[in-house]
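Structure, as structure tokens:
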Amino acid sequence: MTEKIRVRFAPSPTGSLHIGGAHTALFNWLWARRSGGTFVLRIEDTDRERSTPEYEQSIMDGMKWMGLDWDEGPDKPGEYGPYRQSERIDLYNKYAQLLIDNNQAYELDGAIFFKVPAGKKIEFDDMVYGHIEVMSENASVNQDGTIKDIVIIKKDGMPTYNYAVVIDDFTMNINTVIRGEDHIINTPKQLLIYDALGFKAPKFAHLPMILGKNKKKLSKRDGATSVFEYHDLGYLPNGVFNFLALLGWSPKNGEEIFTRDEAVALFELSSVTKKAAVLDIDKLNHINQEQMKVMDKTKLLEIIKPFWSNLGLDFSQYTDSYLSSSLKTMGGRGQTTIQLAEFSDYFISFDVVKSRYDASEIDGERIPILKKFYKALIDDCSVWEHSAMEEFTRNWALENGSTMKELAMPLRWSLTGRKVSPGVFDVASQLGREETKKRLTHFNLI
RNA sequence: GGUCCCAUCGUCCAGAGGUCUAGGACACCGCCCUUUCACGGCGGCGACACGAGUUCAAAUCUCGUUGGGACUGCCA
């Protein structure tokens with residue numbers, strides 16, 4: 001019987017949930033759900049200067065947006081709370097005093113320092129990086145190479161990261177620490193403290209970093225930072241989820257497009273990659289498109305609505321049924337919600353069509369025959385449905401010495417104001433016979 | 001500088017000594033499908049950083065070199 005997995009995501013509320021944090025949170029979540037374990041959210045707000053309640057909320061909102069729910073956290077009390085470091089000061093003081101009493105720490109200049117021993121081999125087996133060992137004298141050093149004792153309690157009474165993380169992970173019974181690779185170098189320092197306190201250390205699994213195009217740790221310069229910016233850019237929660245899961249990991253079955261449940265079922269910490277990954281927007285775009293294709297259109301509609309509004313489109317006069325059907329008609333076109341909203345604008349506004357198209361593209365000599373055809377289509381096509389219209393058009397073209405293309409293109413332009421769209425009969429079908437007639441009439445094609 | 005980590009197509013991943021003239025995905029380029037675009041299908045371009053060693057056999061193991069990254073805060 002192995003003990004139940006307890007993992008945690010411990011962000012510092014000094015900013016919104018950025019893509020690197022989301023990646024770490026995602027892998028923790030995946031492992032917790034995969035193993036039937038517990039996912040704890042702990043807020044590391046010991047930096048009085050930069051931490052704010054707003055950022056804390058923003059981080060939780062970001063996680064919720066991605067669909068990463070936690071079992072214990074500031075807003076979900078559990079037996080290991082409180083879940084905010086600023087509310088656990090007594091704990092840090094208690095153990096600091098213990099270290100002082102044991103002569104393993106001392107007070108100086110109002111701060112408390114942990115004594116770093118020399119000549120001790122510190123080693124651990126990282127679940128993804130393997131065996132790592134460092135000599136204690138190298139764990140924390142000054143510029144001149146001498147050992148540097150570790151500050152555990154700052155002058156302002158708050159604990160430092162390397163100390164608080166140990167006390168919390170131990171007291172919260174976290175048995176698997178999954179975090180970014182940038183922390184692997186901090187691990188030896190923490191192990192020293194675990195050891196001094198006689199705590200059993202958890203397992204560690206460090207995750208590869210996510211790099212920007214410049215191959216450097218992702219920074220604000222690389223564009224979007226907060227996961228919400230990805231929302232604003234047109235990405236679906238599932239798109240970001242799927243994309244991020246593929247950074248440093250890939251399912252055994254080779255499938256790259258998957259649902260949350262599939263990811264959970266297939267996730268393996270042991271198959272996480274060591275190499276830092278460069279974030280590739282093209283791939284995100286592709287995955288996002290695939291996720292939009294498989295998403296239930298009723299649900300997608302609710303996500304698209306705000307994007308239509310952003311374009312100044314008023315969809316209030318239409319039913320959700322008509323709108324989601326319109327999205328379905330788009331047939332997977334568009335890689336982002338922004339594109340999908342834009343590409344489908346003619347389904348909710350004829351004004352946008354008129355604003356970008358005035359029928360001047362049509363060869364004047366062809367107008368008579370076009371009028372004749374469109375009138376016939378409106379009046380005589382028995383069923384206003386894609387294949388019926390196509391068959392009607394094909395036959396008419398044959399009988400009147402015209403071609404499909406000659407008849408279809410002007411219709412597309414008039415209906416959508418664009419040269420590119422889904423199948424024109426699909427568009428006409430979705431718009432309805434009356435609306436189609438109205439638009440053709442406006443352009444004097446009927 | 002020091003410590004630690006990493007190293008397969010431009011990018012993300014497969015590959016855990018022979019089945020690798022290295023596989024998939026994205027991007028890119030052709031062709032097909034087609035009323036346009038997208039989707040889809042087919043094909044192309046394109047990588048084991050380098051050097052030693054171990055072995056009958058190395059992308060896979062070892063060492064070194066080179067390159068890249070992280071950390072080096074009383075930030076986390």
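Just so it is clear: chains get the letters A, B, ... in the order the sequence lines come, proteins before strands, and each one is counted from 1. Values below: every heavy atom of this structure, side chains too, minus hydrogens, waters and symmetry copies.
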Give the rounded distance in Å between these two atoms: CD1 of A:I122 and P of B:U3.
-> 15 Å
Contact letters for nucleotides 63-76 of chain B, in which S counts primed atoms plus P, OP1 and OP2 and B counts the base, heavy atoms under 4.0 Å = ------SBBSSBBB
Could you measure between the two P atoms, the one in B:C50 and the one in B:G10, and give it in whole Å?
-> 13 Å
Between A:H442 and A:F350, is the ring centre distance below 6.0 Å?
-> yes
If you measure from the P atom in B:G51 to the same atom in B:C45, how many Å do you get, rounded?
-> 25 Å
Summarise how protein sits on nucleotides 34-40 of chain B as a single string, 5' to 3': B when a protein heavy atom is under 4.0 Å from the base, S for sugar-phosphate-only contact, - for no contact.
-> -BBBBS-
If the P atom of B:U55 is compared with that of B:U66, how far apart are they to the nearest Å?
-> 27 Å
Please measure how far the P atom in B:G24 lies from the corresponding atom in B:U62, and state the result in whole Å.
-> 29 Å
Of all residues at least two apart in sequence or in a different chain, which pass the side-chain hydrogen bond (donor to acceptor under 3.5 Å, both in side chains) check with A:E390?
-> A:H386, A:R394
What's the CG-P distance between A:D125 and B:C4, to the nearest Å?
-> 16 Å
Is it the case that more than 12 heavy atoms not belonging to A:K203 sit under 6.0 Å from its NZ atom?
-> no
So what does A:S271 touch, heavy atoms closer than 4.0 Å: a base, only the sugar-phosphate, or nothing?
-> sugar-phosphate
Write down the distance separating the P atoms in B:C9 and B:A59, rounded off to the nearest Å.
-> 15 Å
In terms of the angle between their ring planes, are A:Y235 and A:Y230 parallel, tilted or perpendicular, with boundaries placed at 30° and 60°?
-> tilted
Kindly say if A:S250 contacts the phosphate of B:G15, meaning a side-chain N or O under 4.0 Å from OP1 or OP2.
-> no
Report the distance from atom OH of A:Y129 to atom P of B:C5, rounded to the nearest whole Å.
-> 11 Å
Of A:K275 and A:V134, the one whose closest RNA chain B nucleotide lies more 5' = A:V134
Would you say the side chain of A:K274 and the base of B:A7 hold a donor-acceptor pair, judged only by whether the two atoms sit under 3.5 Å apart?
-> no
What is the distance, rounded to the nearest whole Å, between atom CD of A:E256 and atom P of B:A27?
-> 11 Å
Cation-pi check, A:R50 onto A:Y55 ring (under 6.0 Å, within 45° of axis) = no
Between A:F267 and A:W249, is the ring centre distance below 6.0 Å?
-> yes
Value in whole Å for how far the P atom of B:C26 lies from CG of A:L279 | 17 Å
Rounding to the closest angstrom, what is the interatomic distance between B:G40 and B:A25 at atom C1'?
-> 16 Å
Rounding to the closest angstrom, what is the interatomic distance between B:C6 and B:C13 at atom P?
-> 15 Å
Starting at atom NZ of A:K252, determine the distance to atom C1' of B:G24, rounded to an integer number of angstrom.
-> 14 Å
Tightest non-hydrogen contact, residues A:D149 and A:K115, listed as OD1-CA, 3.6 Å
Using whole Å, report how far CG of A:D282 lies from P of B:C26.
-> 11 Å
Determine, using ring centers only, whether A:F443 and A:Y357 are less than 6.0 Å apart.
-> yes
Between B:A16 atom P and A:E268 atom CD, what is the distance in whole Å?
-> 17 Å
What orientation do A:F204 and A:H206 show, parallel under 30°, tilted 30 to 60°, or perpendicular over 60°?
-> parallel
